[in-house]
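In what follows, a structure is listed as structure tokens, so that the remarks can point back to it.
To find a chain, count down the sequence lines: A is the first, B the second, and so on, and within it residues start at 1. As the structure is a computational prediction, the values presented were derived from the model and not from experiment.
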Amino acid sequence: MNLAEELIEELNCEAVFTLHLGSIEIPVMESVVVTWIVMGILIPLAIFLTTGLRTQNISKKQACAEFIYEKLTGIVGGMLGEEAKQYTGYLSTVLLYIGLSNIIGLIGFKSPTKDLNVTLALALMSIILVEGAGIYQHGVRKWLHNFTEPVAIVTPFNILDVFTRPLSLCMRLFGNVLGAFVIMELLKIVCPPVIPAVFSLYFDLFDGLLQAYVFVFLTSLYIKEAVE
Amino acid sequence: MINVSFWNILWTVVNLLILCVAFKHFFFKRIDNIIVKRQEEAKEIYDKAEEKNRQADEYVKQYEDKLANVESEKKQIILEARKTADGQYQKIIAEAQEDAKTIHETAVAEATIEKNKIISSAKKEIADMVVEATAKVIGSRTGADIDSQLFDDFIDKAGE
């Protein structure tokens, strides 16, 4: 099966090279390299946008930077609420990273979010942030006590939440990106050339950005809940 | 595809943290700072304007006070001038009265002296006439005639 092989080859995340640190071998996967590319786009862009900032007579570049800043912090800060405002920076960055990662497939790279390990890492960081925010806000005792809220009988489910939440975050993102990719590949094979372009708008662009938003939205929702 | 690799997760976490720190440093902090700075500048300008406004109000008040002062000062000056003028007037009047009195007194004194002079000269004349008349009578008559003649002569002379 040519198609199956092609799909598998596209889906597989291979080690691009391996670092040798003494006796330890550290493989560097494709997704990591593409993540570096994403970083290589985002960080210089941020530096470019924020150099030569002025308080008056601002340039178009600065107006653009401030617009992005206002929108990002507005959206993410609004979801987080007043009490968890300090996490706006991280979540905005994650939003940008996932958003760009999801649509970077358009220019020929493998989306890092198509690799389960990347979404797993994102979900892990999210849950650490959520629980960390809860502990930071309430202290360990109150945080532990919150597991028995609203009634003692739900405690096992609340504990289960700690694991299901990151799992659902991770799988939702991974599944959506993977599913979108598979559908697009199939469409490209079945009915080229115009129809895939139309569907690509939805699956590659819209769905990619939507999933980034959903991921950040849910994480901020959990954080908001944790600090309340 | 669905193989979990510890190194991959670690790489992603490290990458994300680097990206996050870089964004915080190069994007959020910078723009935050500039916005705060702009707010401060705006506040400064606003404060300055407020201060200017306050000063202007103060000046207006000062000038109003000054104007009011001028009005009262004017009144004061006029009052003083009037007082001075009044005093002067009284003084002049008094002086004039004094002068008039002096003149009057002098005149009276002079008139009195003149009168006395006239009286004394008249007395002298009368005495002379008496002497003359007496001499005439004594020269022509004697006894009771003399007396009556003397009297008549005197009357005549006085009647002249």
Contact part of [X] toward chain B, heavy-atom cut-off under 4.5 Å: side chain, backbone, both or neither?
{"X": "I58(A)", "result": "side chain"}
{"X": "V28(A)", "result": "both"}
{"X": "I43(A)", "result": "both"}
{"X": "T119(A)", "result": "neither"}
{"X": "I98(A)", "result": "neither"}

For the interface with chain A, which of [options] has the highest count of heavy-atom pairs at distances below 4.5 Å?
{"options": "T12(B), V21(B), I31(B), I18(B)", "result": "I31(B)"}
{"options": "D32(B), L17(B), V14(B)", "result": "D32(B)"}
{"options": "K37(B), K29(B), E41(B)", "result": "E41(B)"}

For chain B, the option from R54(A), E66(A), M39(A), Q62(A) that forms the most heavy-atom pairs under 4.5 Å =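 Greatest number of close heavy-atom pairs with chain B: M39(A).
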inquiry  = Can you confirm if the NZ or CZ of K114(A) lies within 45° of the ring axis of F174(A) and under 6.0 Å from the centre of its six-membered ring?
reply    = no
request  = Kindly indicate whether a cation-pi arrangement holds for R172(A) with F215(A), taking the cut-offs as under 6.0 Å to the six-membered ring centre and within 45° of the axis.
outcome  = no
inquiry  = At a 4.5 Å cut-off on heavy atoms, which part of F23(B) comes close to chain A: side chain, backbone, both, or neither?
reply    = side chain
ask   = Does any heavy atom of chain A fall under 4.5 Å from the side chain of L10(B), the backbone, both, or neither of them?
value =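 No part of L10(B) comes within 4.5 Å of chain A.
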ask   = Side-chain donor-acceptor pair under 3.5 Å between N15(B) and T35(A), yes or no?
value = no
message = When you compare the side chain of I104(A) with that of K110(A), does any pair of heavy atoms fall below 4.5 Å?
response =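 When only atoms from C-beta onward are counted, I104(A) and K110(A) do not touch, as no gap falls below 4.5 Å.
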query = Just wondering, do V13(B) and L124(A) contact through their side chains at under 4.5 Å, heavy atoms?
reply = no
query = Taking 4.0 angstrom as the limit, do K43(B) and E40(B) come out as a salt bridge?
reply = no
task = Give the ring-plane orientation class for W36(A) versus W11(B), where under 30° counts as parallel, over 60° as perpendicular and anything between as tilted.
result =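 Answer is perpendicular, since the angle exceeds 60°.
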query = Using 30° and 60° as the class limits, which term best fits the ring planes of Y202(A) and F206(A): parallel, tilted or perpendicular?
reply =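 Y202(A) vs F206(A) ring planes: tilted.
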